[in-house]
Amino acid sequence: MVKGKNYKRIAREIRKKILRMIFRSQTSHIGSALSCVDLLTILYFSILRIDPSNSQGSERDRFILSKGHAASVLYATLAERGFIPEDILKEYCIDGGRLPGHSTMHCVPGVEVSTGSLGHGLSMGIGMAIAAKHDGSKYRVFILLSDGECDEGSVWESAMFASHHKLDNLIAIIDYNKIQAFGRTNEVINLEPFKDKWTAFGWIVKEIDGHNFTQIKETLRKVPFEKNKPSVVIAHTIKGKGVSFMENQIAWHYKSPNKEQLKTALKELNSL
Ligand SMILES: Cc1ncc(C[n+]2csc(CCOP(=O)(O)OP(=O)(O)O)c2C)c(N)n1
């Protein structure tokens, strides 16, 4: 918990950091990172039991960014929360830099596992959740997945496994921004009825607006939603959220902003 927090301001600062990082490195996945800023803001500033001065504490909650291509949002949030110095963000995805383009553990305090190959975060989280049960530890494991990632069979194999093992210390959050790399989710492989699928796999499901701070916080505060069952939050989001010309645009999965676009985007965020 962080005292005196202003989620809107924090999320705006994280978005500005992401824009600068991706501009500097001229890399991709800006829309992917912007869509889940509000979720990470609430997680890191209100929900996760974590301590930036002790990033390896055994009872810490674990957070896994399964959509590891959006690493910029994780690094920017870790900087905002005091896990890593802000200055290091300049080294995101550049030759010789200390922040790799996909979330990477060991070299970045606060990053629990390396991700980027989609479809593995949930099963890695399950390993941690089982370990917690086995050790009698109270920590929870939160995993943020993307919607396109749910096209992968490994996600559903994990989903079955988690409910079979009654992992109520496991919380999946889906960043349901409705866009994948080259198309809209409902055109590539339609996930609907999405809620029913998770329910059928034995999870307790809540659907929220993934940009509404109150809804995110009130929902995540209630986990587990039911004893002996894993929880999943389907968060409806907008890819590119916060920068009007990037919002809901497939192109901003891969494009990086030029100098003029960066200026316009920062101006828009500053006026919020
Ligand atoms: C196993 C695997 N296949 C392909 C990719 C390449 N890739 C990176 S992002 C992406 C899709 C992005 O769409 P989505 O998963 O919905 O995430 P979003 O960026 O919209 O949050 C793909 C296919 C990957 N990272 N991992």
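Values below: every heavy atom of this structure, side chains too, minus hydrogens, waters and symmetry copies. Counting starts at 1 for both ligands and their atoms, following the listed order.
- Other residues, nucleotides and ligands contribute at most 12 non-hydrogen atoms within 6.0 Å of the CD atom of E157.
- Contacts of ligand 1 (protein heavy-atom distance under 4.0 Å) are S32, K67, H69, G116, S117, L118, S146, D147, G148, E149, E152, N177, I179, Q180, A181, K239, H253.
- Every residue meeting the side-chain contact (heavy atoms from CB on, under 4.5 Å) condition with N54, not counting sequence neighbours, appears here in chain and number order: D51.
- Under the 3.5 Å distance criterion, with hydrogens and angles disregarded, no donor-acceptor pair is assigned to the side chains of Y139 and S58.
- Partners of I250 by side-chain contact (heavy atoms from CB on, under 4.5 Å), not counting sequence neighbours, listed by chain and number: I179, R184.
- Applying the ring-ring contact (aromatic ring centres under 6.0 Å, His included) test to pairs two or more places apart or on separate chains, those with a residue in residues 164-188 are F161-H165, Y176-F194, Y176-H236, F182-Y254.
- Interatomic distance, T219 OG1 to F225 CZ, rounded to the nearest 0.5 Å: 6.0 Å.
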